[in-house]
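What follows is a set of notes on a single structure, which appears directly below.
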Amino acid sequence: MKLFDLSLYLVLDPGLCARTGMVETARRAVAGGATMVQLRDKEASSERMVRTGHALKSALSGTGAKLIVNDDVEAALAIGADGVQIGQSDWSATDARARLGPAAIIGVTVETPELARLVDPEVVDYVGAGPVFATSTKPDHKQPVGFAGLAAQVAASPVPAVAIGGLKAEHVTEVLAAGAEGIAVVSAICGQPDPERAARSLWAEIAVVRWLG
Ligand code: TZP
Ligand code: MG
C-alpha cells in the first residue's frame, strides 16, 4: 500500500525561495505541516538537481513528508526521491513507472478534464490539477480554470488530485469543495517571511474544512 498525503503540497522554486533557500524553506514548511515537497528547478542541471535533492532528502528524513522531483526521472532515481511529477510534454508516465518501479509515487500534471480522463490509474498515483488562477510563478501556464474547471478535472480523474495555481489559505474551502485532496502552493510558502507559519495557516484552514465542514 502506497501511502502519501496530498493535503499540503509545497512546490519549491529557487527564485521565490531565495530568501530562505529551498532546503531550509522545505524544512520549515514541513515543520508547519507540509505533507509533500516537490523539487522544481527548471534551470538546474541534473547535477544541481541531484545535489539539492540529496540535501532535501536529509532535511525531510524522518518527517514522513514525501519528496517529489519535477520532470527529471533520472535525478529522482539518483536522489532516492519518493517520486516524480511529470508534465504533458515530459516523460510518459508509463516510461517513468518502468524506470522507477512500483513503489514510486507518480504525479501527472493535467490542465483539462480530457487530459484527466486519459490518466491510467494503474500507472499514475495522483494528478496536479489546474491552474486554478493565473500566476506569475509559472509564466507559461495554461488558461486558468477557476474552481468549476478544477471540479471538472477532479471529477474526470481516476486518481486523487491536488490543486495548483495562485492558491492561498483563503482558497482552501473552495479547493476542497471542488473535490481535490489538497492544495499545492509555491508563493504562499516560498518567499514568505516565515515559511513555517505560512504552512501552519494553510493547515489551519484545511483542518477547519475537514473537521468542522
Ligand atoms: N503549475 C501550475 S501553476 C504552478 C505550477 C507549478 C505555479 C503555482 O505557483 P503559485 O505561486 O502557488 O501560484
Ligand atoms: Mg514538467
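Worth saying up front: this structure is predicted, and the values here are computed from it rather than measured. Order of listing sets the numbers, starting from 1, for every ligand and every atom in it. Residue numbers run from 1 in the order of the sequence given.
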the protein heavy atom lying closest to atom 12 (O) of ligand 1 turns out to be Val186 N, 2.9 Å
Can a donor-acceptor pair be found, under 3.5 Å and without considering hydrogens, that links the side chain of Arg97 to the backbone of Ala104? yes
State whether the shortest distance between N or O atoms of Gly166 and N or O atoms of ligand 1 falls below 3.5 angstrom. yes
Does some side-chain heavy atom of Glu43 sit less than 4.5 Å from a side-chain heavy atom of Asp41? yes
Non-hydrogen atoms of Arg40 versus ligand 1: any pair closer than 4.0 Å? yes
Which residue and atom name correspond to the protein heavy atom nearest atom 1 (N) of ligand 1, and how close is it? Lys138 CD, 3.3 Å
Below 4.0 angstrom, N of the basic side chain to O of the carboxylate: do Lys42 and Asp71 qualify? yes
Examine Ser187 against ligand 1 and note whether any of their N/O atoms are separated by less than 3.5 Å. yes
Aromatic plane relationship, Phe147 with Phe133 - under 30° parallel, 30 to 60° tilted, over 60° perpendicular: perpendicular
Does Val185 have a non-hydrogen atom less than 4.0 Å from ligand 1? yes
Lys168 to ligand 1: N or O pair under 3.5 Å? no
Quick one: does Ile164's side chain get under 4.5 Å of Val11's, heavy atoms only? yes
Counting each atom of ligand 1 from 1 as listed, which ones have a heavy atom of Gly165 under 4.0 Å away? 3 (S), 13 (O)
Between Phe4 and Tyr9, is the ring centroid distance below 6.0 Å? no
